[in-house]
Amino acid sequence: MASGKGTAQAAFARFVRRAIDNARAERGWTVTDLAAQTGIGRSTVFRWLAGDWQDYPELAKVRDFCVALDLPVAAAFRALGLPEVGSTLPRLGNDGPVEADVRAILERLADPAVSVEEKHHIRDLLHYLAQRPIRQPD
């Protein structure tokens with residue numbers, strides 16, 4: 001699973017690099033200008049550029065970044081390897097659809113009213129669930 005994360009980091013870094021290059025070319029913005037206009041700290045922008053993040057970037061920050069630069073949020077989410085809003089997720093065995101649960105989790109992660117601590121807890125739990133071995137029925 002680590003390779004998937006590395007792929008998401010590289011893809012998102014390319015997305016951010018293109019956004020910064022376009023902002024520089026079209027608006028004359030420096031990284032400092034971009035940080036001020038998007039509300040995203042310079043250090044966060046540089047971490048995104050370097051692909052230097054352990055947990056997924058806060059989706060609310062990604063959304064704010066995209067809105068300020070007139071970029072489609074769905075493109076950023078695709079770069080992060082996240083499903084697009086409204087996309088159909090596969091059914092998992094006899095468990096039925098998981099779309100509503102996944103959508104609820106993504107909405108909580110993107111909600112600015114949800115505390116950073118709660119978002120970190122959600123990410124930790126998701127990371128644990130993604131990494132634990134799958135137990136086969138006896």
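Quick note: residue numbers are just sequence positions, from 1.
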How close do Leu80 and Ala8 get, heavy atom to heavy atom, and via which atoms?
O-CB, 3.6 Å
Interatomic spacing from OG1 in Thr32 to CD in Gln37 - rounded to 0.5 Å:
11.5 Å
Nearest heavy atoms of Asp70 and Arg27, plus distance in Å
OD2-NH2, 3.2 Å
First locate atom CZ of Arg14, then atom CG of Asp21, and finally report the distance between them rounded to the nearest 0.5 Å.
13.5 Å
Note: Ala79 and Phe15 closest approach over all heavy atoms is CB-CB, 4.1 Å
Do the side chain of Asp33 and the main chain of Thr30 share a donor and acceptor less than 3.5 angstrom apart?
yes
For Ala13 versus Gly51, what's the shortest heavy-atom pair and its separation?
CB-N, 4.2 Å
For Trp29 and Leu69, what are the C-alpha separation, side-chain angles and deciding distance, and is it a side-chain contact (heavy atoms from CB on, under 4.5 Å)?
CA-CA 11 Å; Trp29 287 0; Leu69 295 172; 3.3 Å; yes
Residues Trp48 and Ile40: closest non-hydrogen pair is CH2-CG2, 4.1 Å
What are the two closest non-hydrogen atoms of Pro72 and Cys66, and how far apart are they?
O-SG, 4.1 Å
With a 4.5 Å limit on heavy-atom distance, are the side chains of Val45 and Leu34 in contact?
yes
Is there a continuous path of hydrophobic side-chain contacts, each under 4.5 Å between heavy atoms, that joins Ile20 to Val67?
no
Beyond-backbone contact of Phe65 with Thr44, side-chain heavy atoms, under 4.5 angstrom
no
Do Gln9 and Asp52 make a side-chain contact, defined as non-hydrogen atoms from C-beta onward lying under 4.5 Å apart?
no
